[in-house]
Amino acid sequence: MGNRSSWTALAGLVTSSMVTAPLWAAPPESLPAAQLDWHPWGEDRPEGAVCRGYYQMPAYRLEAPAEGKVASEADDGQYGEDGETVLSGEVVLRRDDTQLEAPQVRVPASRERVTAVGPLALRDRNLLVRGDAASFSLDSEAASIDQAHYVAHEQRLRGDAVQLARVAEGRYQLTEASFTTCEPGSDLWRLVGNDIVLDRQSGFGTARHARLEVGEVPVFYWPWVRFPIDDRRQTGFLWPTLGTSGNGLDYAQPFYWNIAPNQDATITPRVISDRGLLLGGEYRYLLPSAAGTVEGAYIADDRRAGDEASTYSSLENGDARWYFDYRHAGRVDERTDYRLRYGAASDGRYFDDFGQTFGKSDTQNMERLALIEYRGDTWRLEGKAQGYQVLDDPLKENDKPFYRLPSLTAQARWQQDVGFYEEWNANATYFWRDIESDEQGFYDFKDQQRQVPLREAANGARLQLTPAVGWRADTTWGFLEPRLQLHHTNYELDYGDRLTERDESLTRTLPVASVDAGLVFERDLDVGGDAYRQTLEPRLNYAYVPARDQSEFPDFDTSELAFSWNQLWSPYRFSGGDRVGDLNRLSYGVKSRFLEDRSGRERLSFGVGQAAYFEDRHVDMQGDSDTLPDDPEDRYRATRQRSPWVTQLDWQIDDHWRTRWEWLYDDHKSRTESTGFDVQYRAEAGHVLNLGYRWQLEGFEPAEDLEDTRTYDLEEFSASFAYKAMNRLDLIGGVRYDNTNDRMLEQLAGVQWNDCCYGLQLVWREWIDDEGTANTIEDDTTDRGLFLRFVFKGLGGVGGETGDFFASAVPGYRGTDLDRR
């Protein structure tokens, strides 16, 4: 289980102005760094260290005595008539791991207790306490030091107290004391309390009448507070989050419950002034061969549910809203894994209104899954039931996903030494979804009549058998692979009340044949005094798939693929199993690579290729093998004799600069269909710069739904950067610009400050949401957000979690962990 810093405010949180004068603790002034075992970094400073130095306990001055005995050293010793011993000068006493250094020490005749006059130093297992006077027992762990200044080396914490008492092994009680993890000389933050207890055995501290000072300014007061002093999990309140939601205040107070070493929970009451009280929670568990998480939230009366919803939403003010998400993963044995997942939300707008955390991608769906998988040397077996709740509000009937109830898969591969291989692939799935429409498939949506396409109207079972045989010869100078795969598909369908004359029992059997061949030529090359090995790799790929009428076949999980470099070498034009596109095509291309001769690292890869079609492609999502599309652009793509030229470039210019480029050019119409160009710079210091350009012709990416079809040529520019201004300061920024429509799609700017005892992340972001309709920009909305996270190292963080947002916003950036010291 991961460590969780905890922060407990049992009596509520009020401002420090409410503290009365008698409760105002006044610790002593701190000592200079030199007296606190602090060592500034020199040339040996570790890379990435944000502190200016480190604590190091010096070696004991005396050898460890026998257990229970006391070793001593002094410049002078006197013995009184009553048996008292007075040691003076440079006095050193050691018992077990405790060592006392003082100018004068008095030991009574009973030898039970020692008193010392300061300035003194008491050391105990990576703990240093300096003070003006001390008294401690020789028979127990008890000790008391006046005007104390303490340092815990490993925890990197220090503080000052009017009195420090050791009441048991590893347990210390401090009166009018302070606590901080800031390095000596800095009191950027400190916790001050009348009565502070530090328990090194359990890893937490408590304080009464405590206040948090930031820059010597009191900001919080707690009658009683509990806080961690190391990385162990502790039950208690985490730092609250405060922000705005809509027109009101949004306050969340999480409580962390350390149930057991393998279980924990976080319960989060959240008050949103214009909506109501939302109660959220997360429970985590870890078993010997499994782990899981249960989380969710509930608001009984959302006072703004209807006001914030879209025009056609069914949400109303006062609705109860919630979400639930259960995740579990485990292992039966070393070859068999299983996963469970069930997610649900009260409505499609829940996460838009309550659940988004800054830096997370939008929550589009909630998955439901039960899966078991076996991976053997030859066979791979999988059984699953799977579905999703699509989070749109309102949701179109034909956007509801098909559930797989169940889906059973069996795959195997056999390989012979001479290069022959055989594959067995089989899948049986029952697809189901609940559609509310009339007998013709019509339903009302946004005051309009919509129709569920007939190919999406049936539920039913699909059996796929796709065995394959092939032979592959691999040598240092090339390869050859003929392959034949048989696609057999059988459907048993149920159209329910939908009126149709379509057959409900369908069968499709067709071969997919391909031959893939390539050569590899190599030569040594010297460029600027550097040795390289250059390859020239011509390649041919022939694929043949006969046309079969699939116009009555359903569409459970299929979509058309956009053309790409990988499509040159694949016989499949569709994903999923409901369409197998006809194809009679020869692809040809060549790639050249430059490899560093010493390391073999690829510095440059350049490839260009094209496909020649010997027949038109009739089968599209409609499945008709006899007709061609009516749309001019779709018809052109189906009847063209040559594909666009595909050009790829991947160039590692040096250790810092890298560029990637892909270009699809139609030489028949002399136009670019798609291109993407990216340049990245990464410095050893951690700076990152990304520049990008993207162009796509209208309709280049196929879409099944008209609302998802882009009706304009896409031209976008993007730029992002991360700049490590200094060891503690990182700056990030980025923009994405839609040149076609003259608008900014996204803008962001952020700063991260990482100091020895605190960290800060602040990000502003503004972006366009297309509301699920790519065919128009009129209904697009602009969203914006400001996110702040503040971390007091050793106490926890204030604000939401950025997670990996900085890294995802700027590709190539590796941020500094705010918990690092």
Chemist: Consider only side-chain N and O atoms of Y421 and E481, and report whether a donor and an acceptor are under 3.5 Å apart.
Modeler: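 There is such a pair (donor and acceptor under 3.5 Å, judged by atom type) between the side chains of Y421 and E481.
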Chemist: Between E602 and K591, does at least one N-O distance fall below 4.0 Å, as a salt bridge requires?
Modeler: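 No, this pair does not count.
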Chemist: Only one of D557, N490, T429 passes side chain to side chain donor-acceptor pair (under 3.5 Å) with R462; say which it is.
Modeler: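 Only one option passes, and that is D557.
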Chemist: So that I can tick it off, tell me whether E673 and R640 are bridged by a salt bridge, with the cut-off set at under 4.0 angstrom between side-chain N and carboxylate O.
Modeler: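 A salt bridge links R640 with E673.
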Chemist: Would you check if there is a donor-acceptor pair between the side chains of T672 and W663 at a distance under 3.5 Å?
Modeler: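 Yes - a donor-acceptor pair under 3.5 Å links their side chains.
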Chemist: For the residue pair Q451 and Y443, confirm or rule out a side-chain donor-acceptor distance under 3.5 Å.
Modeler: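 Side-chain D/A pair, Q451 to Y443: absent.
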Chemist: Taking the basic N atoms (NZ, or NE/NH1/NH2) and the acidic carboxylate oxygens, is any pair closer than 4.0 Å for E662 and R694?
Modeler: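 Salt bridge: no.
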Chemist: Verify whether one side chain among N427 and T409 offers a donor that lies under 3.5 Å from an acceptor in the other.
Modeler: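 Indeed, the side chains of N427 and T409 share at least one donor-acceptor pair under 3.5 Å.
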Chemist: Might you point out which heavy atoms bring D666 and K669 nearest each other, and give the distance in Å?
Modeler: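 Between these two residues, the closest heavy atoms are OD1-N, 3.4 Å.
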Chemist: Between R450 and D444, is the closest basic N to carboxylate O distance under 4.0 Å?
Modeler: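 Result for this pair is no, no salt bridge flagged.
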Chemist: Once ring pair (Phe, Tyr, Trp, His ring centres under 6.0 Å) is applied, do any residues pair with F614, and if so which ones, sequence neighbours excluded?
Modeler: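 Not a single residue meets the ring pair (Phe, Tyr, Trp, His ring centres under 6.0 Å) criterion with F614.
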Chemist: In terms of ring plane angle, is the pair Y588 and W645 parallel, tilted or perpendicular, where the classes change at 30° and 60°?
Modeler: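 Rings of Y588 and W645: perpendicular, over 60°.
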Chemist: Under a 4.0 Å threshold between the charged nitrogen and the carboxylate oxygen, would E423 count as salt-bridged to R483?
Modeler: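 Yes, charged N to carboxylate O under 4.0 Å.
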Chemist: Salt bridge between R539 and E537, side-chain N to carboxylate O under 4.0 Å?
Modeler: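 So R539 does not pair with E537 through a salt bridge.
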Chemist: Are more than 12 heavy atoms from other residues, nucleotides or ligands located less than 6.0 Å from atom CG of D497?
Modeler: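 No, not enclosed.
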Chemist: When you check the gap from the basic side-chain N to the acidic O, do E552 and R455 get nearer than 4.0 Å?
Modeler: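 Between R455 and E552 there is no salt bridge, as every charged N stays at least 4.0 Å from the carboxylate O atoms.
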Chemist: Just by distance, no angles: are the side chains of R508 and T489 close enough, under 3.5 Å, to form a donor-acceptor pair?
Modeler: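 A donor-acceptor contact under 3.5 Å links the two side chains.
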Chemist: Under a 4.0 Å N-O cut-off, is there an ion pair linking R331 with D337?
Modeler: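 Yes, charged N to carboxylate O under 4.0 Å.
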Chemist: Quick one: which of R548, R573, R617 gives a salt bridge (charged side-chain N to carboxylate O under 4.0 Å, His left out) with D582?
Modeler: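 Exactly one candidate clears the test, R573.
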Chemist: Anything under 30° is parallel, anything over 60° is perpendicular, the rest tilted; go ahead and classify F556 against F402.
Modeler: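 Answer is perpendicular, since the angle exceeds 60°.
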